Amino acid sequence: MKEFQPRVGYFSAEIGVSPSIPSYSGGLGVLAGDHVKAAADAAFPLVGVTLLYREGYMNQRIDAQGRQTEEYPPFNPSWLLENLHKSVSIRINSHTIHLGIWRYWIEGVTGFRVPILFLDSDLPENEEAHRDLCSRLYAGDNQHRLYQEMAMGLGGMAALKLLGYQKSIKVYHMNEGHTAFLTLDLLKDSRGAVESVRQQCVFTTHTPVPAGHDEFSYDIALPALGAFAPANLKDLADNHGKLSMTNLALHLSRSINAVSKLHAQVAQHMYPDDTVKAVTNGVHHLSWTSRETQHLYDKNLPKWSVDPTELLKVKDISDTALWESHMENKSNLLDYANAMTQKGLSPDLLTFGFARRAATYKRANLLFYDMERLASVCKGKVQFIFAGKAHPRDEHGKEVIQELYTHVKQLSGRVNIVFLENYNMWLGRLITSGVDVWLNTPLRPNEASGTSGMKAALNGVPNLSILDGWWNEGCRNGENGWSFGEPMIPSDRSDASELYRVLEEKVIPVFYENRSAWIQMMRESIKTGVEFTAKRMLDDYIREIYKLS
Ligand SMILES: *Cc1c(COP(=O)(O)O)cnc(C)c1O
């Protein structure tokens with residue numbers, strides 16, 4: 001077999017490929033996994049680089065008061081990943097840290113395979129204190145994070161060299177700033193030739209929220225980086241006296257992109273000295289459609305798996321077939337939800353889903369802004385399914401979940417609402433495919449893209465969402481779903497009040513009184529999903545960002 005010769009090295013602190021490998025915490029990781037899968041489908045030679053988290057992100061448990069606790073079941077990689085029995089080492093301060101390399105091949109729809117490398121700090125040759133460097137995602141103090149990011153960027157480059165992958169790589173893709181130390185390795189190899197490094201690097205930014213950008217004090221960073229710190233590090237990476245990973249990535253990339261058109265506008269304001277392009281995210285169509293949905297498409301539009309634009313012919317699928325498949329998805333979800341919660345969700349009721357990280361800007365509690373109004377709008381006709389993890393150290397996120405629990409209790413007997421613990425990729429597919437409507441209520445413009453709504457759309461589930469992120473591009477109000485909220489001057493009060501109005505006047509009546517119009521909206525949702533596949537996204541990256549000749 002010809003040796004694999006990657007042309008793009010795709011670095012991401014999370015690459016979520018399946019529910020079985022705990023290598024993601026949320027949207028960023030899921031997106032990265034979908035990027036790699038799309039490359040495999042397109043036979044595009046890319047290699048993914050990430051860390052092996054032996055205690056993953058976490059398993060979420062919630063007590064009766066809505067308090068989240070976390071469990072960290074150990075992950076044994078040896079059943080699923082290939083141990084290359086090779087390691088690289090990096091110098092951090094005066095220590096040498098060894099990183100083992102595991103490989104996972106993603107097989108695309110035509111059989112082409114691309115590898116993901118997972119770097120593992122849990123080696124016996126490491127000092128005890130360093131063995132758990134990579135055991136958890138975004139764990140530890142600032143110094144721990146710095147070391148992890150050095151393992152990611154510098155260890156990742158060393159692994160590419162060791163495996164002979166580096167020779168053919170023309171582009172290093174930094175997915176978020178966590179990976180930006182890879183530029184210091186390239187700088188070292190090119191003896192500080194900034195322009196030549198820039199020509200090889202591209203950067204994708206994912207968060208318009210400043211807290212999402214890592215910074216390290218030079219007191220910690222300079223000794224840790226040692227010989228990897230160039231003399232002009234401050235010129236390259238400084239932000240108000242700290243080493244900013246985002247600034248490092250910005251300065252050493254020939255291309256910078258945001259993950260939706262609206263996010264590109266926001267990011268352009270944040271980085272006025274750079275040109276920020278937009279490549280709107282997409283989701284991997286084969287990973288995010290339920291088995292039932294896949295079966296429906298296989299039967300009616302068999303070429304969809306290789307070419308998802310086949311789904312534009314969804315008018316060829318009958319109302320009955322589409323509805324029956326949806327009801328099958330719904331029953332799979334409700335069976336699980338009822339088994340977990342004993343809340344007696346009914347397949348006959350209009351069911352809304354809301355699942356995402358419990359970050360405050362996502363406003364999981366907007367729905368409950370006016371409880372009386374909500375109860376009177378729902379009139380026993382509507383039920384809700386929520387899920388989402390708060391980061392273990394995000395106290396505000398944990399409060400969001402507690403408030404949600406309080407609201408659920410207060411509405412008990414009037415509106416049936418369940419919260420499903422431990423949101424993950426498996427549950428993500430089950431929920432986005434099994435509800436009737438996908439709800440999203442972020443405070444505009446904080447949702448850079450959002451991808452769960454794309455998963456819903458591909459399964460024929462209409463979105464009801466604030467015009468933020470991808471929905472700002474995808475929404476055709478009243479045709480493939482609904483928008484609400486005043487885009488320019490959003491407030492909880494006005495957004496909530498419009499949400500109730502849209503529920504009452506548009507969504508509930510169509511669902512109960514005009515089933516054929518509803519099914520037509522499902523078809524339009526599927527067509528919208530086609531515009532937001534990872535295949536389309538990767539094509540955009542290849543054409544507008546990578547530009548390999
Ligand atoms: C898709 C997905 C996300 C991202 O969804 P958003 O809409 O971007 O919040 C997060 N977590 C899991 C488990 C997912 O499947």
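Because the structure is a prediction, the values reported are computed rather than measured. Counting starts at 1 for both ligands and their atoms, following the listed order.
Contact check on Glu107 versus Arg113 returns no salt bridge, with no Lys/Arg side-chain nitrogen under 4.0 Å from an Asp/Glu carboxylate oxygen. Under 4.0 Å is where a charged nitrogen must lie from a carboxylate oxygen, and between Glu479 and Lys527 no such pair does.
Ligand 1 has no N or O atom lying under 3.5 Å from any N or O atom of Trp288, backbone or side chain.
Because its NZ or CZ atom is not both nearer than 6.0 Å to the ring centre of Tyr541 and within 45° of the ring axis, Arg543 does not count as a cation-pi partner of that residue. At least one test fails for Lys506 against the ring of Trp482: distance under 6.0 Å to the centre or angle within 45° of the axis. Taking the ring axis of Tyr72 as reference, the NZ or CZ atom of Arg136 stays within 45° of it and closer than 6.0 Å to the ring centre.
Here the heavy atom of the protein found nearest to atom 15 (O) of ligand 1 is Lys455 NZ, 2.6 Å. Among protein heavy atoms, atom 11 (N) of ligand 1 sits closest to Tyr423 CE2, 3.4 Å. For atom 8 (O) of ligand 1, the nearest non-hydrogen atom of the protein is Thr451 N, 3.0 Å.
Atoms of ligand 1 found under 4.0 Å from any heavy atom of Arg356, numbered from 1 in the order shown, are 9 (O). Counting the atoms of ligand 1 from 1 in the order shown, those under 4.0 Å from a heavy atom of Met425 are 13 (C). For ligand 1, the atoms lying closer than 4.0 Å to a non-hydrogen atom of Ser452 are 5 (O), 6 (P), 7 (O). Near Lys362, the atoms of ligand 1 lying under 4.0 angstrom from a non-hydrogen atom of the residue are 6 (P), 9 (O). Those atoms of ligand 1 that come under 4.0 Å of a heavy atom in Asn424, given as number and element, are 13 (C). If you number the atoms of ligand 1 from 1 as listed, the ones under 4.0 Å from a heavy atom of Gly27 come out as 3 (C), 4 (C), 10 (C).
The shortest side-chain heavy-atom distance between Leu51 and Phe118 does not fall under the 4.5 Å cut-off.
The environment of NZ in Lys277 is crowded: more than 12 heavy-atom neighbours from other residues, nucleotides or ligands sit within 6.0 Å.
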